[in-house]
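For the single chain, residues carry numbers from 1 onward in sequence order.
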Amino acid sequence: MTKTASQTNLRLRRHRRIRATMSGTAERPRVSVFKSSKHTYAQAIDDKKHLTLASVSDESVKVGKTSEAREGAGNKEKHAFALGQVLGAKLKELGVSTVVFDRGGFQYHGRVQAVADGLRQVGITV
């Protein structure tokens, strides 16, 4: 097994372990975050109805320069922060004020933390 495959398997095991204890409802949806090497994605999920309430990716969020023209370190975090703000605005329109944050097996730092900070900036309780 390659190093990348084993890291992915370990992340998925952590994700399953986390998901065993949390679920989202219509009043308090689960915000699931996924990050690839290039992009970040987040969606608000009602697990009782198996329904995605809102979703957003950093490809759809415009922050200054595009991802291809990198200005330096931290650009992905800026996009993730803006992604959290956009998702928070969508949730506010739906009347949601608090969410359950699902980090998807990733460490809570960098882009994952930036998404949560963006949600808090808009007024969503994480």
_Nearest non-hydrogen partners of T40 and V115, listed with the distance_ = CG2-CG2, 4.1 Å
*V99 side chain near P29 side chain, heavy-atom distance below 4.5 Å*: yes
*asked:* Quick one: does any side-chain atom of R30 pair with a main-chain N or O of G24 as donor and acceptor, under 3.5 Å?
replied: no
*Flag the pair K35 / V112 as yes when at least one side-chain heavy-atom distance between them is below 4.5 Å, and no otherwise.*
yes
*Search all heavy atoms of L119 against all heavy atoms of V31 and return the closest pair with its distance.*
CD1-CG1, 4.1 Å
*Supply the atom-to-atom distance I124 CD1 to T98 OG1, rounded to the nearest 0.5 angstrom.*
8.0 Å
*Kindly give the heavy-atom pair with the smallest separation between K90 and V56, and that separation in Å.*
NZ-CB, 4.5 Å
_S37 backbone acceptor or donor facing K76 side chain under 3.5 Å_ = yes
*asked:* For the CD atom of Q43 and the CG atom of L87, what is their distance to the nearest 0.5 Å?
replied: 9.5 Å
*asked:* Using every non-hydrogen atom in the two residues, find where H15 and G104 come nearest and quote the distance to one decimal.
replied: ND1-CA, 3.1 Å
_Taking the six-membered ring of F106 as reference, does the cationic atom of R11 (NZ for Lys, CZ for Arg) lie under 6.0 Å from its centre and within 45° of its axis?_
yes
*Hey, does V100 have a side-chain heavy atom less than 4.5 Å from the side chain of R28?*
yes
*Give the intermediate values and the outcome of side chain to side chain contact (heavy atoms under 4.5 Å, CB included) for residues F101 and M22.*
CA-CA 9 Å; F101 192 75; M22 70 170 52; over 6 Å; no
_In one Ile/Leu/Val/Met/Phe/Trp/Tyr side-chain cluster, 4.5 Å: V86, L94_ = yes
*asked:* Is there a continuous path of hydrophobic side-chain contacts, each under 4.5 Å between heavy atoms, that joins L51 to L91?
replied: yes
*Taking atom NE2 of H79 and atom NZ of K38, what is their separation to the nearest 0.5 Å?*
13.0 Å
*Going only through I, L, V, M, F, W and Y residues with side-chain contacts under 4.5 Å, is there a path from V126 to Y41?*
yes
*Between R13 and N9, does a side chain to side chain contact (heavy atoms under 4.5 Å, CB included) hold up when you go through it step by step?*
CA-CA 6 Å; R13 286 177 61 190; N9 287 336; 5.5 Å; no
*Determine whether more than 12 heavy atoms belonging to other residues, nucleotides or ligands lie under 6.0 Å from atom NZ of K48.*
no
*So I18 and D102, side chain to side chain contact (heavy atoms under 4.5 Å, CB included) or not? Walk me through it.*
CA-CA 8 Å; I18 292 166; D102 179 7; 4.0 Å; yes
*Any idea which heavy atoms bring R111 and H39 closest together, and the distance?*
NH1-O, 3.2 Å
*According to a 4.5 Å side-chain heavy-atom criterion applied to Ile, Leu, Val, Met, Phe, Trp and Tyr, with indirect links allowed, do L10 and Y108 form part of one hydrophobic cluster?*
no
*Would you say L53 and I45 are hydrophobically clustered, going by side-chain heavy atoms of ILVMFWY under 4.5 Å?*
no
*Shortest non-hydrogen separation from V96 to E27 and the atoms involved*: CG1-O, 4.0 Å
*Do D47 and R19 meet the salt-bridge criterion of a basic N to acidic O distance under 4.0 Å?*
yes
